Student: 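Below: one structure in structure tokens.
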Amino acid sequence: MRETFTKSMARNIYYGGAAFFFLIFLALTFDTVSGLSKTDNSQNLTGQVAEGKRLWEKNDCIGCHTLIGEGAYFAPELGNVFTRFGGSTEAIKAFIKSRPKNGIPNRRSMPQFNFSDEELEAIAQFLKYVDGITTARDWPPNKQG
Ligand code: HEC
């Protein structure tokens, strides 16, 4: 074995390593991009969904709830509430309309927002849309939240 580490050996490691990791980088980029079409949900992105998102932001739902893991931990995750409520936008609307449920001690309660029927429909459509997003790790991990 040679005892010396020459300049050209160092150069080869430098260029070889750079080329090797650049190839890995390209392969991972290709893998990510080729998976994007599977997660594409944009054909369901209607004006109503956009309106629902606007109302979601305006009323600070995220101040209490999480949506696909992001947000506050005061109230249930809503990224899969459409599935949890049996795939029914009617059930979501009925729930939002019926709050708050007073008289249950120590229960966290959701406020009443007095939404119009159109606003309720838009919010329900937004939550349905979010439920349809294919997340990388199938988040949320279970139906409960
Ligand atoms: C002040 C905190 C707070 C805000 C703001 C809030 N919520 Fe809630 N929400 C709750 C709590 C607490 C619950 C669960 C308790 C209950 O059943 O009332 C809940 C439950 C829900 C549920 C049913 C979830 C389930 O799995 O049972 C839906 C749907 C929902 N909220 C939608 C919304 C939407 C849409 C907004 C924004 C317009 C919103 N929430 C804003 C506190 C909040």
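Order of appearance sets the numbers: ligands from 1, and atoms from 1 within every ligand. The shown structure was predicted, so the numbers you read here are calculated from the model rather than taken from an experiment.
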Student: Among protein heavy atoms, which lies nearest atom 12 (C) of ligand 1, and at what distance?
Tutor: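 Closest protein heavy atom to atom 12 (C) of ligand 1: Arg108 CB, 3.6 Å.
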Student: Once you round to the nearest 0.5 Å, how far does NZ of Lys143 lie from CD of Glu77?
Tutor: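 Atom-to-atom, Lys143:NZ and Glu77:CD are 15.0 Å apart.
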Student: If hydrogens are left out, which of Phe85, Phe113, Phe115 has an atom nearest to atom 27 (O) of ligand 1, that is, the closest non-hydrogen atom?
Tutor: Phe85
Student: Please confirm whether the backbone N or O of Leu45 pairs with a side-chain atom of Ser42, one donor and one acceptor, at under 3.5 Å?
Tutor: no
Student: Indicate yes or no: at least one non-hydrogen side-chain atom of Phe113 is less than 4.5 angstrom from one of Leu120.
Tutor: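 In short, these two side chains do not touch, never coming nearer than 4.5 Å.
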Student: Kindly work out whether a path of hydrophobic side-chain contacts (I/L/V/M/F/W/Y, heavy atoms less than 4.5 Å apart) joins Leu28 to Phe21.
Tutor: yes
Student: For Leu127, which of Thr89, Val49, Val81 qualifies under side chain to side chain contact (heavy atoms under 4.5 Å, CB included)?
Tutor: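 Exactly one candidate clears the test, Val81.
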Student: Quick check on the hydrophobic clustering: are Phe25 and Val33 connected, directly or via other members, by side-chain heavy-atom contacts under 4.5 Å?
Tutor: no
Student: Using heavy atoms and a 4.0 Å limit, tell me yes or no: is Pro111 in contact with ligand 1?
Tutor: yes
Student: Within the structure, is a non-hydrogen atom of Lys101 found at a distance of less than 4.0 Å from ligand 1?
Tutor: no
Student: Answer yes or no: is there a side-chain heavy-atom contact under 4.5 Å between Ser109 and Lys101?
Tutor: no
Student: Which one of Cys61, Gly63, Cys64, Ala72 has a non-hydrogen atom at the shortest distance from atom 1 (C) of ligand 1?
Tutor: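 Residue with the shortest heavy-atom distance to the ligand atom: Cys64.
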Student: When clusters are formed by joining ILVMFWY residues with side-chain heavy atoms under 4.5 Å apart, either directly or through shared neighbours, do Phe74 and Met110 land in the same one?
Tutor: no
Student: Checking Arg11 against Tyr15: charged group under 6.0 Å from the ring centre and within 45 degrees of the axis?
Tutor: no
Student: So for ligand 1, is Ser109 a polar contact partner (N or O within less than 3.5 Å, distance only)?
Tutor: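 Among all N and O atoms of Ser109, none is under 3.5 Å from an N or O of ligand 1.
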Student: Atom 9 (N) of ligand 1: which of Glu77, His65, Lys93, Gln144 has the nearest heavy atom?
Tutor: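 Among Glu77, His65, Lys93, Gln144, the closest heavy atom to atom 9 (N) of ligand 1 belongs to His65.
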Student: How close does the nearest protein non-hydrogen atom get to atom 13 (C) of ligand 1, and which residue and atom is it?
Tutor: Pro76 CD, 3.6 Å
Student: State which residue, out of Leu67, Ile92, Thr46, Leu55, fulfils the side chain to side chain contact (heavy atoms under 4.5 Å, CB included) condition with Phe126.
Tutor: Leu67
Student: Any idea which atoms of ligand 1 are less than 4.0 Å away from a heavy-atom of Ile123?
Tutor: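 Result: 35 (C).
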Student: Give me the nearest non-hydrogen protein atom to atom 24 (C) of ligand 1 as residue plus atom name, then the distance to 0.1 Å.
Tutor: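 Heavy-atom neighbour on the protein nearest atom 24 (C) of ligand 1: Leu78 CD2, 3.7 Å.
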Student: Looking at non-hydrogen atoms alone, which of Arg84, Lys143, Met110, Arg107 comes nearest to atom 17 (O) of ligand 1?
Tutor: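 Residue with the shortest heavy-atom distance to the ligand atom: Arg107.
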Student: Which heavy atom of the protein is the closest neighbour of atom 11 (C) of ligand 1, given with residue, atom name and distance?
Tutor: Ala75 CB, 3.5 Å
Student: Pull out every atom of ligand 1 sitting under 4.0 Å from any heavy atom of Asp60, numbered as shown with elements.
Tutor: 5 (C)
Student: Which heavy atom of the protein is the closest neighbour of atom 18 (O) of ligand 1, given with residue, atom name and distance?
Tutor: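 Nearest neighbour among protein heavy atoms for atom 18 (O) of ligand 1, to 0.1 Å: Arg99 NH1, 3.1 Å.
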Student: Nearest non-hydrogen contact with atom 23 (C) of ligand 1 belongs to which option: Phe95, Trp56, Phe126?
Tutor: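 Looking at heavy atoms only, the winner is Phe95.
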